[in-house]
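Remarks on the structure that follows.
The chain is numbered in sequence order, starting from 1. None of these values were measured; they are calculated from a predicted model.
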Amino acid sequence: MSETTKTLLRGARLIGGDSADVLIEGETIAAVGHGLSAEGATVIEAEGQILLPGLVDLHTHLREPGREDSETVLTGTQAAAVGGYTAVHAMANTFPVADTAGVVEQVWRLGRESGYCDVQPVGAVTVGLEGAQLAELGAMHESAAGVVVFSDDGKCVDDAVIMRRALEYVKAFDGVIAQHAQEPRLTEGAQMNEGVVSAQLGLGGWPAVAEESIIARDVLLAAHVDSRVHICHLSTAGSVEIVRWAKSKGWNVTAEVTPHHLLLTDELVRSYNPVYKVNPPLRTEADVLALREALADGTIDCVATDHAPHPHEDKDCEWAAAAMGMVGLETALSVVQHTMVDTGLLDWAGVADRMSFRPAAIGRLAGHGRPVAAGEPANLTLLDAAYRGVVNPAGFASRSRNTPYEGRELPGRVTHTFLRGRATVVDGKLT
């Protein structure tokens, strides 16, 4: 038998609080305390660095199978590890669509083989994401992948009867339907947020009500059938109010916000740079401020990247022809530090809650989103919060480079990531 590996983190600030030593033995945190030592342990001097539970992303596009030119499970999980993630939920809009037990098991196995972070497949709600008939929800849940979260993300489940049936079906195993809230008739030809900027640029507008009307319907449906609904990439102040109201009723509603919707506004579209084209679109400054407040007060449960890699030819073209989406795994924690911590809206315990504890709980992901304490799985992220650096996509682990932050200075750098005690990132570099 091989000897158990030991790692000693010295002087890290546990979830941004007090400093302590953390001893990792094998896959587990063996001890947390002061003046710890262990014979043969690899010692990491972590004074001043923030030790967080490994981050969990509820919303990642890994593109495999079918679009390996954009990303693969391997490159996507490497990008995740560099960003401090130990688990990601892989969205179903692959080719073929992840709407059967066979496809979700393939993605799950690819994740296990990669070894950089756990991959939990998200199953499609409807066959082929076409919104017409329910996919094999039960079979996907019973598969080796153990699917709990289902989403047609990229498309909205716009048929209320289909949405009701899906919510009823997943109750049997405590599943959750993650809705991409976009009324399709209200967004035909839409290119950006509907407002002053779209009017001035003459680009087709994407009204806030297209998102808000679906969220309103779905929280009512979830309450009616007593099931769980999760709102993907919430982006407007009005959406925040609807979710806040639903939660005040005690309904089982959760919501996520992306890093880019916490920072960027539709004013950037004036450049016509397709790197800013995303679904849902970048909104107004007022929306951004409402989203930050809602994340701070817990109305929005978590941050999810909506990491959406595209090859350069799908982005390096005229605005109308460009694909929607931006990569986000490697910059998410920095953007959250910039928008939420450095502004005083969240402390590091709040970041741990919104980027690890809550997403793991929503996805029912065992072993992740756990306290930094003895006996817990050693899924950990070490962050140098004092670091400042300019984003350079040339150094990304992701196969794609479509980041809106190129050339922008952002704070924070993940120095180490541990997946069940094994370092996947050391000194900011993949192992």
Side-chain angles (χ1 to χ4, degrees), residues 49 55 57 59-64 67-86 88 90 114-117 119 258-264 268-269 271-279 282 303-319 321-339 342 355 381-417 419 423-431:
Q49 294 197 45
L55 306 185
D57 191 13
H59 193 144
T60 307
H61 297 275
L62 295 179
R63 302 301 190 205
E64 188 175 13
R67 284 305 303 265
E68 291 83 359
D69 56 330
S70 318
E71 196 78 282
T72 64
V73 172
L74 176 60
T75 60
T77 54
Q78 287 174 331
V82 169
Y85 288 88
T86 54
V88 299
S114 88
Y116 282 94
C117 91
V119 175
T258 71
H260 48 270
H261 287 111
L262 291 172
L263 180 57
L264 309 177
L268 290 162
V269 179
S271 69
Y272 287 103
N273 185 343
V275 78
Y276 300 119
K277 188 176 180 183
V278 67
N279 180 349
L282 300 179
V303 175
T305 68
D306 194 9
H307 175 80
H310 292 292
H312 74 90
E313 60 269 18
D314 289 358
K315 277 293 199 180
D316 193 10
C317 55
E318 65 272 17
W319 179 275
M324 293 181 181
M326 36 187 75
V327 291
L329 285 167
E330 294 170 73
T331 51
L333 190 51
S334 290
V335 174
V336 170
Q337 180 181 338
H338 177 61
T339 58
D342 293 353
M355 296 187 77
T381 299
L382 196 58
L383 175 78
D384 178 3
Y387 175 88
R388 294 288 183 278
V390 173
V391 177
N392 178 10
F396 280 3
S398 171
R399 183 164 278 193
S400 292
R401 303 284 177 265
N402 51 305
T403 173
Y405 311 117
E406 182 172 8
R408 186 188 284 251
E409 184 179 271
L410 288 175
R413 171 178 173 262
V414 172
T415 60
H416 294 74
T417 307
L419 178 64
T424 55
V425 172
V426 173
D427 293 327
K429 302 274 194 301
L430 288 165
T431 55

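Separating the CG atom in Leu263 from the OG atom in Ser334 is a distance of 11.0 Å, to the nearest 0.5 Å. In this structure, the separation between OG on Ser70 and NE2 on His312 is 11.5 Å, given to the nearest 0.5 Å. Atom CZ of residue Arg413 and atom CG of residue Leu383 lie 10.0 Å apart, to the nearest 0.5 angstrom. To the nearest 0.5 Å, the span separating OG1 on Thr72 from CG on Leu62 amounts to 8.0 Å. Distance check, rounded to the nearest 0.5 Å: OH of Tyr116 to CG of Leu430 gives 5.5 Å.
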As a quick check of understanding, evaluate side-chain contact (heavy atoms from CB on, under 4.5 Å) for Val336 and Met355, giving each step before the final call.
CA-CA 9 Å; Val336 170; Met355 296 187 77; 3.8 Å; yes
After noting the C-alpha distance and the side-chain angles of Asn273 and Trp319, does the key distance pass the side-chain contact (heavy atoms from CB on, under 4.5 Å) rule?
CA-CA 7 Å; Asn273 185 343; Trp319 179 275; 5.7 Å; no
Show the numbers, then the answer: is there a side-chain contact (heavy atoms from CB on, under 4.5 Å) between Val303 and Thr258?
CA-CA 6 Å; Val303 175; Thr258 71; over 6 Å; no
Val275 vs Thr403, test: side-chain contact (heavy atoms from CB on, under 4.5 Å). Steps then yes/no.
CA-CA 7 Å; Val275 78; Thr403 173; 5.6 Å; no
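Between the side chain of Asn402 and the backbone N or O of Asp316, no donor-acceptor pair lies under 3.5 Å. For Lys315 (side chain) and Lys277 (main-chain N/O), a donor-acceptor pair under 3.5 Å exists by modelled atom type. Of the possible donor and acceptor atoms, one in the side chain of Arg399 sits under 3.5 Å from a partner among the backbone N and O of Glu68. Side chain of Thr415 to main chain of Leu382: a donor-acceptor pair is present (N/O by atom type, distance under 3.5 Å, no hydrogens or angles). With hydrogens and angles disregarded, no donor-acceptor distance shorter than 3.5 Å links the side chain of Thr339 to the backbone of Leu262. The backbone N or O of Asp69 lies less than 3.5 Å from no partner atom in the side chain of Arg63, so there is not a single donor-acceptor pair. Judged by distance alone, the side chain of Thr417 and the main-chain N or O of Ala81 form a donor-acceptor pair under 3.5 Å.
Contacts of His59 classified as ring pair (Phe, Tyr, Trp, His ring centres under 6.0 Å), with partners at least two apart in sequence or in another chain: His61, His233. By the side-chain hydrogen bond (donor to acceptor under 3.5 Å, both in side chains) test, His416 is found to be paired with no residue, residues two or more places apart in sequence or in another chain being considered.
Between Tyr85 and Thr424, every side-chain heavy-atom pair lies at or beyond the 4.5 Å cut-off.
Here the closest non-hydrogen pair linking Asp342 and Pro411 is OD2-CG, 3.5 Å. Minimum heavy-atom separation, Pro259 to Tyr405: C-OH, 3.9 Å. Shortest non-hydrogen contact noted between Asp384 and Gln49 is N-OE1, 3.7 Å. Taking every heavy atom of both residues into account, Val119 and Ala90 meet most closely at CG1-CB, 3.9 Å. Shown here for Val88 and Ala80, the closest heavy-atom pair between the two residues is CG1-CB, 3.8 Å.
At a cut-off of 3.5 Å, with distance as the only test, a side-chain donor of Glu71 or His307 sits close to an acceptor on the other residue. Side-chain contact check for Ser114 and Thr77: at least one donor-acceptor pair (N or O, by modelled atom type) lies under 3.5 Å. Side-chain contact check for Asp57 and Thr305: at least one donor-acceptor pair (N or O, by modelled atom type) lies under 3.5 Å.
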Per-pair distances, 0.1 Å, donor-acceptor, side chain in residues 321-332, under 3.5 Å, sequence neighbours excluded:
residue : atom : partner : partner atom : Å
Glu330  : OE1  : Ala397  : N            : 2.9
Glu330  : OE2  : Ala397  : N            : 3.3
Glu330  : OE2  : Ser398  : N            : 3.0

